[in-house]
Amino acid sequence: MSYNSYTNFSIRKQFTFFFCNLTFLNLTRTNFERLRTLSDRFKYIAWSCKEILDNHEHVYNKQPAIRKSHYESLGYQTFCDMNTAGGGWTLVASVHENSIYGRCTVGDCWSSQQGNNPNLPDGDGNWSNRNTFGLVERSLCFQNPGYYDIAAKDVSVWHVPNNFPMEHWNLAAILRYHTENNFLRLYGGNLFNLFKQFPVRYNIGSCSNRGPAIPIVYDHGNRESTRNLYGPKSRNEFDPGFITFRAINNELGAMAICSGVKPRGCNSEHYCIGGGGYFHPDQCGDFPSFDWDRLGRDQGWSASKEMTESAVLLFYR
């Protein structure tokens, strides 16, 4: 049985303790003994959603086996995608533009919440530090310990319209894709380590100093629909069908991820997200300059309303 589920992780040294709220359960009668039994059966040790898939397949049966942990632990929340390309994807972060009119203000967790400041070239630095923040169920500005702790091979990305309830993320997404070439093995097993090698920092290099561009497999959408999510002028300087890391624009501002595209030009502020702490004054923010030619008008350099008003969810496997 395949499904997606909301999961609470608890970590203690080398162990992760899961309490799965499995959405396929439908308890129509008040039976407290039955509830207690089911609760006990959803306690088991694992590192990630992939490990659940590989080593705890019995959890997906109607009568899952009981496996308990005796380790004290601290908890964190995540979401398991058990559908895409065989399942086992762990949500580790979400990037969201809380106010396109704010320029590196509070809420710009993936660029800078400290203003547009050349003396803070890394901004908040959350692409390559161990900060955690946000709530998974809100799909807004969010990062859990899995971002830096999980040893992964690939990423999956969902673009989900803001404020959709978690149970509808899959169907609501305007774009979903994943990689399948195990590229993270070359960069330390996760984005935390990748961005150590390719810092998201103002004035770190020129436009030609981009990080890796990885081919993607579409789960919802295609190259043409990806192209049309960005502005008409942007479409002339990227190739869809990739995810690119650490792009640098003409003004030497660094962006973390170009979702669904590989830049050929140097105006990446219009179609790449996240960043360091200093940009052109009209570019600073988590979606740096998606509104250059008016918000959500899909004209000039402006991205579509659908793209601008969606959160970007990042998964590992």
J.: Decide side-chain contact (heavy atoms from CB on, under 4.5 Å) for I214 and K262; before the verdict, give the C-alpha distance in whole Å, the side-chain angles of both, and the deciding distance to 0.1 Å.
T.: CA-CA 8 Å; I214 310 301; K262 177 173 66 174; over 6 Å; no
J.: Before we go on, tell me: are the rings of Y271 and F238 under 6.0 Å apart, centre to centre?
T.: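 So the answer is yes for these two rings.
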J.: For a 4.5 angstrom cut-off between non-hydrogen side-chain atoms, does M307 reach F290?
T.: yes
J.: Strictly distance-based, threshold 3.5 Å: is any side-chain N or O of N144 a donor or acceptor partner for the main-chain N or O of G146?
T.: yes
J.: Using a 3.5 Å distance criterion without hydrogens, assess whether the side chain of N182 forms a donor-acceptor pair with backbone atoms of K153.
T.: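 Side chain of N182 to backbone of K153: no pair is present.
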J.: Determine whether the aromatic ring centres of W158 and W169 lie less than 6.0 Å apart.
T.: no
J.: Is the shortest side-chain heavy-atom distance between M166 and F79 below 4.5 Å?
T.: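 SC-SC contact between M166 and F79 confirmed.
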J.: I'd like to check N83 versus N170 (side-chain heavy atoms, cut-off strictly below 4.5 Å). Are they in contact?
T.: yes
J.: Quick one: does any side-chain atom of T308 pair with a main-chain N or O of S304 as donor and acceptor, under 3.5 Å?
T.: yes
J.: Tell me, do P288 and M255 make a side-chain contact under 4.5 Å, heavy atoms counted?
T.: yes
J.: Between H178 and F315, is any pair of side-chain heavy atoms under 4.5 Å apart?
T.: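 Answer no - side chains too far apart.
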J.: Does some side-chain heavy atom of E180 sit less than 4.5 Å from a side-chain heavy atom of I216?
T.: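 In short, these two side chains do not touch, never coming nearer than 4.5 Å.
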J.: Establish, from distance only, whether the side-chain atoms of D108 and Q113 form a donor-acceptor pair under 3.5 Å.
T.: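 Checked: D108/Q113 side chains show no N/O donor-acceptor pair below 3.5 Å.
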J.: Any carboxylate oxygen within less than 4.0 angstrom of a Lys/Arg side-chain nitrogen, looking at R317 and D54?
T.: no
J.: Between F133 and W110, does the ring centroid distance fall short of 6.0 Å?
T.: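 Between W110 and F133, which both carry aromatic rings, the centre distance is below 6.0 Å.
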J.: Which label fits Y147 and Y316: parallel for a plane angle under 30°, tilted from 30 to 60°, or perpendicular past 60°?
T.: parallel
J.: For N162 and E309, indicate whether the former's side chain and the latter's backbone hold a donor-acceptor pair under 3.5 Å.
T.: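 It does hold such a pair.
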J.: For the pair E251 (side chain) and F279 (backbone), establish whether a donor and an acceptor sit closer than 3.5 Å, ignoring hydrogens and angles.
T.: no
J.: Centre-to-centre under 6.0 Å for F195 and W127, is that the case here?
T.: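 For F195 and W127, the ring centres are under 6.0 Å apart.
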